[in-house]
Number of protein chains: 2
Amino acid sequence: MVKRTRFEGDSCPIARSLDALGDWWSLLIIREALFGLRRFGEFQSKLGMAKNILSVRLRALVDHGILAPAPASDGSAYQEYVLTPKGRGAFPILVALRQWSEEFDDHPEEIATILVDRAKGRPVKKLEMRAEDGRLLSPAETTLKPRPARRRRSA
Amino acid sequence: MVKRTRFEGDSCPIARSLDALGDWWSLLIIREALFGLRRFGEFQSKLGMAKNILSVRLRALVDHGILAPAPASDGSAYQEYVLTPKGRGAFPILVALRQWSEEFDDHPEEIATILVDRAKGRPVKKLEMRAEDGRLLSPAETTLKPRPARRRRSA
DNA sequence: TTGTGTGGTTGCATCATAAAACCAAATGCC
DNA sequence: GGCATTTGGTTTTATGATGCAACCACACAA
């Protein structure tokens, strides 16, 4: 089998996420959806991608429960695609990608937009990792533990 | 040209990040590197990927300034690959992907590990987005602004 | 009813990926 | 030193994924 590698059965949650949205377009589609786009043509013209690829991606995102087909919205009979909670939950991933680019990109002057607090118009703080008690954690201060076995409910 | 789409010149920082690490393997290589792997063979056997692909990916990551070739470490004459600050800066992206899977995966029981605070052994808190003044922000409470023009330094 | 835009699908050419074979240099063993 | 083995790749070949353009059905507008 020479098929593209799938991570669906992998036990690593990062690999599992990548399996759902690790290709070149899915996260950009989600970005646009978060921005309010819903229609096939909107995605296609905004992202400038081939229609067949968009078609395949939308179907995959629907299959993964990230987008849901919505029957209408403005009364027309056309199909729309709206984010599910799972899809909206990808927002931190997009923010992390954005901040990484803002911090490390070789040509930051080419970046057109910054993410700001709507109320104040000031840039959002960097995402930070904290312990349960609120302590700021560096990568070195974290470690991986085997997932505790799910407690069986009594019969 | 039918070449794979590149986002290098795109003005969106998310697209720019994806251009560097948006393929199926790069983030997993970075994950392993954060875990301490350095050698070609270590990555290859741990990730189970084809050697030619690993070769191409490592070169790309080096070109992007995410990994740096290190002349040695244990005295041997073999090459090693170590994360640069830019590479270590991708950690929040991995955490975001992990947490998304932990929260939304359809089969969370298949996830083998959890990320914990090393000191307490307790799970890390969800990444949260905050304003400059520390207010917790939802996606809807943020917006995009054009990047302010870089102030020219006086001559 | 004819025309136009929307939302796709199909065909084809090209690119990327994967598996396996191959290979040179470094290393380990004696 | 000499030989086998490991390491770190490259090459070859097969196939899946992508991109573009053409095509098409249906909704909608006149």
Query raised in the report: Taking the side chain as C-beta and beyond, is there a heavy-atom pair between A:Trp25 and A:Leu58 under 4.5 Å?
Result: no
Requested in this report: Can you establish whether the number of heavy atoms outside A:Arg135 located under 6.0 Å from its atom CZ is more than 12?
Outcome: yes
Query raised in the report: Is the closest basic N to carboxylate O distance between A:Asp133 and B:Lys120 below 4.0 Å?
Result: yes
Query - A:Glu80 CD to C:dG7 P, straight-line distance once rounded to whole Å - result: 9 Å
Query raised in the report: Can a side chain N or O of A:Arg59 be found less than 4.0 Å away from OP1 or OP2 on C:dG8?
Result: no
Query raised in the report: Taking atom C1' of C:dA16 as reference, at what distance in whole Å does atom CG of B:Asp19 sit?
Result: 15 Å
Query raised in the report: A:Leu18 CG to C:dT17 P: how many Å, rounded?
Result: 14 Å
**Report entry** Working for side chain to side chain contact (heavy atoms under 4.5 Å, CB included), residues B:Asp117 and A:Thr143
**Finding:** CA-CA 7 Å; B:Asp117 166 13; A:Thr143 189; over 6 Å; no
Requested in this report: Provide, to the nearest angstrom, the distance between the CG atom belonging to A:Asp23 and the C1' atom belonging to C:dA16.
Outcome: 14 Å
**Report entry** Of the listed nucleotides D:dT10, C:dA18, C:dG8, the one nearest the side chain of B:Ser55
**Finding:** D:dT10
Query raised in the report: Run the side chain to side chain contact (heavy atoms under 4.5 Å, CB included) check on A:Ser17 and B:Phe104 step by step: do they pass?
Result: CA-CA 9 Å; A:Ser17 290; B:Phe104 297 104; over 6 Å; no
Report summary line: Ordered by number, residues from residues 35-50 of chain B within less than 4.0 Å of DNA chain D (heavy atoms) are B:Arg39, B:Phe40, B:Gly41
Please list, for nucleotides 23-30 of chain C, all pairs of protein and nucleotide N/O atoms separated by less than 3.5 Å.
| from | atom 1 | to | atom 2 | distance (Å) |
| --- | --- | --- | --- | --- |
| C:dT27 | OP1 | B:Ala77 | N | 2.5 |

Query raised in the report: B:Leu67 and B:Thr84: side chain to side chain contact (heavy atoms under 4.5 Å, CB included), yes or no, with the steps?
Result: CA-CA 5 Å; B:Leu67 291 176; B:Thr84 62; 5.8 Å; no
Query - A:Glu102 vs A:Arg98, salt bridge (Lys or Arg N to Asp or Glu O under 4.0 Å): CA-CA, chis, key distance, verdict - result: CA-CA 6 Å; A:Glu102 287 171 352; A:Arg98 164 177 281 275; 3.4 Å; yes
Report task. With axes from five pairs an end, tell me the bend angle of the helix from C:dT1-D:dA30 to C:dC30-D:dG1, nearest 10°. Result -> 30°
Query raised in the report: Do any side-chain nitrogens or oxygens of A:Trp25 fall under 4.0 Å of OP1 or OP2 in D:dG19?
Result: yes
Query raised in the report: With side chains defined as the heavy atoms from C-beta onward, is the minimum distance between A:Phe7 and A:Arg16 less than 4.5 Å?
Result: no
Query - A:Ile53 CD1 - D:dT18 P separation (whole Å) - result: 6 Å
Query raised in the report: Could you state the CG-C1' distance from B:Asn52 to C:dA21, rounded to the nearest angstrom?
Result: 11 Å
Report task. Please report, rounded to the nearest Å, how far the P atom of C:dT6 is from the CG atom of A:Leu58. Result -> 16 Å
Query raised in the report: How many Å lie between CG on B:Leu54 and C1' on C:dA18, as a whole number?
Result: 13 Å
Requested in this report: Tell me, with the steps shown, if B:Glu103 and A:Lys86 meet salt bridge (Lys or Arg N to Asp or Glu O under 4.0 Å).
Outcome: CA-CA 8 Å; B:Glu103 187 169 358; A:Lys86 181 174 181 177; over 6 Å; no
